[in-house]
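Worksheet: the structure to be examined is printed underneath.
Order of the sequence lines fixes the chain letters, A, B, ..., with proteins taken first and strands second; residue numbering starts at 1 for each chain. Computed from a prediction, not measured in an experiment: that's the story for all the values here.
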Number of protein chains: 2
Amino acid sequence: MQFTKAEEYGVLGVIYLAEQGDNRIIPLSEVAESQGVPEKFLAKIFQNLTKASIVRSHRGIKGGFSLGKNPVKVTAREVIEAIQGPYNLIRCIGDPASCVKHPTCPVRFIIELAERSLLEVFEKYTIADLIGWKQEQLAS
Amino acid sequence: MQFTKAEEYGVLGVIYLAEQGDNRIIPLSEVAESQGVPEKFLAKIFQNLTKASIVRSHRGIKGGFSLGKNPVKVTAREVIEAIQGPYNLIRCIGDPASCVKHPTCPVRFIIELAERSLLEVFEKYTIADLIGWKQEQLAS
DNA sequence: CTCTTCTGCTTTTGTAAATTGCATGCCGAA
DNA sequence: TTCGGCATGCAATTTACAAAAGCAGAAGAG
């Protein structure tokens with residue numbers, strides 16, 4: 001079980017945008033370079049974020065991406081699920097039919113609890129919280 | 001991020017052994033067939049469980065596997081970590097060197113919290129708890 | 001001895017993640 | 001109105017790892 005790079009890059013990208021402040025428009029190339037991630041990969045991720053209105057895209061010269069929402073109101077869960085789709089630690093939770101043979105499967109029981117507690121964490125912290133934490137680290 | 005089949009099969013296998021009671025010795029073929037999982041794959045998983053003393057192996061005719069510990073004292077975390085090694089949702093947590101460029105990486109911050117809350121769940125429930133839950137489901 | 005079962009190692013297969021490439025469309029600026 | 005920079009969308013590739021299969025060997029019971 002591992003956090004994917006797409007999720008990681010996406011969160012980092014949104015944070016970078018938020019840090020520039022004032023809803024500035026930043027070209028993707030700058031975001032990618034600043035975070036040291038492949039631009040084309042980030043492009044795909046940002047398309048998902050655009051669909052979820054977390055960022056806004058601007059074409060043409062001087063184009064790029066700006067924040068679509070107030071970072072205080074965007075939770076980590078929203079960003080992650082915009083990128084990966086709904087969270088499923090195990091297939092049979094998203095698709096109960098595949099688990100129909102084991103209506104009493106104890107693995108599902110514990111995975112459901114684990115998933116819930118994971119989502120609680122992701123829901124508890126906003127992009128603004130993550131930036132705040134980063135500032136604290138820099139200060140200390 | 002997904003729970004792996006190895007983890008799932010391992011937990012199911014241990015539960016099956018525990019359900020037979022009295023530390024009976026069960027050949028791997030029976031465990032595999034009862035859970036509908038490939039025997040060779042399960043074999044590798046059980047080797048790890050053996051090293052962690054969660055199960056005990058017995059060779060020769062009438063050989064197989066028996067429980068190595070009281071199911072009341074084996075947590076889901078122990079089983080899972082015996083199979084997969086220490087839990088790392090993200091690479092830079094297990095290997096901080098790979099993250100040295102970003103000492104303030106906010107992703108690490110939230111992933112560490114997520115990981116901790118995940119492990120708390122896995123630590124809270126024992127094999128006996130899972131079996132108990134299964135019985136409840138059957139009863140209702 | 002010999003048959004059965006685990007053991008250890010190697011190899012293959014399958015699938016999803018991660019990345020790259022390219023043709024296209026849009027937009028602002030000159 | 002044209003040009004260049006930038007996003008878009010889809011296709012293709014590469015990489016990585018999970019999942020599974022294979023096989024020779026060791027250990028134990030009868």
(request) Quickly work out the Q35(B) CD to dA19(D) P distance and round it to whole Å. (result) 16 Å
(message) Rounded to whole Å, how long is the line connecting atom CD1 of I45(A) with atom P of dA17(C)?
(response) 12 Å
(request) Return each pair, listed once, that meets side chain to side chain donor-acceptor pair (under 3.5 Å) where at least one residue sits in residues 44-62 of chain A; pairs must be two or more places apart or across chains. (result) H58(A)-S66(A)
(request) Take the protein atom CD of E8(A) and the nucleotide atom P of dT19(C), then report the distance between them rounded to whole Å. (result) 10 Å
(message) Tell me the interatomic distance from F3(B), atom CZ, to dA19(D), atom C1', rounded to whole angstroms.
(response) 15 Å
(request) Name all residues meeting the side-chain hydrogen bond (donor to acceptor under 3.5 Å, both in side chains) criterion together with K134(A); count only those two or more places apart in sequence or in a different chain, and write none if there are none. (result) E19(A)
(request) Dump the intermediate steps for side-chain hydrogen bond (donor to acceptor under 3.5 Å, both in side chains) on S117(B) and E120(A), then the final yes or no. (result) CA-CA 9 Å; S117(B) 101; E120(A) 265 171 29; over 6 Å; no
N/O-N/O pairs, protein side and nucleotides 27-30 of chain D side, under 3.5 Å:
from, atom 1, to, atom 2, distance (Å)
dA27(D), O4', R59(B), NE, 3.2
dA27(D), O4', R59(B), NH2, 3.3

(message) I want to check one thing: is the phosphate of dC6(C), taken as OP1 and OP2, less than 4.0 Å away from some side-chain N or O of Q47(B)?
(response) no
(message) Among residues at least two apart in sequence or on other chains, which ones pass side-chain hydrogen bond (donor to acceptor under 3.5 Å, both in side chains) with T126(B)?
(response) D129(B)
(message) Rounding to an integer number of Å, can you tell me how far K51(A) NZ sits from dA7(D) P?
(response) 16 Å
(message) Restricting to salt bridge (Lys or Arg N to Asp or Glu O under 4.0 Å), what partner residues turn up for E123(A), sequence neighbours left out?
(response) R77(A)
(message) Distance check needed: dG8(C) P versus L42(B) CG, whole Å only.
(response) 16 Å
(request) With sequence neighbours left out, write down each residue that passes ring-ring contact (aromatic ring centres under 6.0 Å, His included) with Y125(A), or none if nothing qualifies. (result) F109(B)
(message) Is the phosphate of dA19(D) approached by Y9(B) (side-chain N or O, under 4.0 Å from OP1 or OP2)?
(response) no
(request) Quick one: label A6(B) by what it contacts on the DNA or RNA (base, sugar-phosphate, nothing), any heavy atom closer than 4.0 Å. (result) sugar-phosphate
(request) Scan for ring-ring contact (aromatic ring centres under 6.0 Å, His included) pairs involving residues 18-38 of chain B, sequence neighbours excluded, and state none if there are none. (result) none
(message) Filter on salt bridge (Lys or Arg N to Asp or Glu O under 4.0 Å), then keep only pairs touching residues 26-43 of chain A, sequence neighbours left out; what's left?
(response) none
(message) Taking any heavy-atom pair under 4.0 Å as a contact, classify F65(A): base, sugar-phosphate, or nothing.
(response) sugar-phosphate
(message) Rounding to an integer number of Å, can you tell me how far E33(B) CD sits from dT5(C) C1'?
(response) 16 Å
Pull out every protein N or O sitting under 3.5 Å from an N or O of nucleotides 21-23 of chain D, one pair per line with the distance.
from, atom 1, to, atom 2, distance (Å)
dG22(D), O6, K40(B), NZ, 3.3
dC23(D), N4, K40(B), NZ, 2.7

(message) If we ignore hydrogens and angles and just use 3.5 Å, is the side chain of E78(A) paired with the main-chain N or O of T75(A) as donor and acceptor?
(response) yes
(message) Taking only side-chain N and O atoms of S57(A), does any of them lie within less than 4.0 angstrom of OP1 or OP2 on dT8(D)?
(response) yes
(request) Calculate the interatomic distance between K5(A) atom NZ and dT15(D) atom P; express it in whole Å. (result) 14 Å
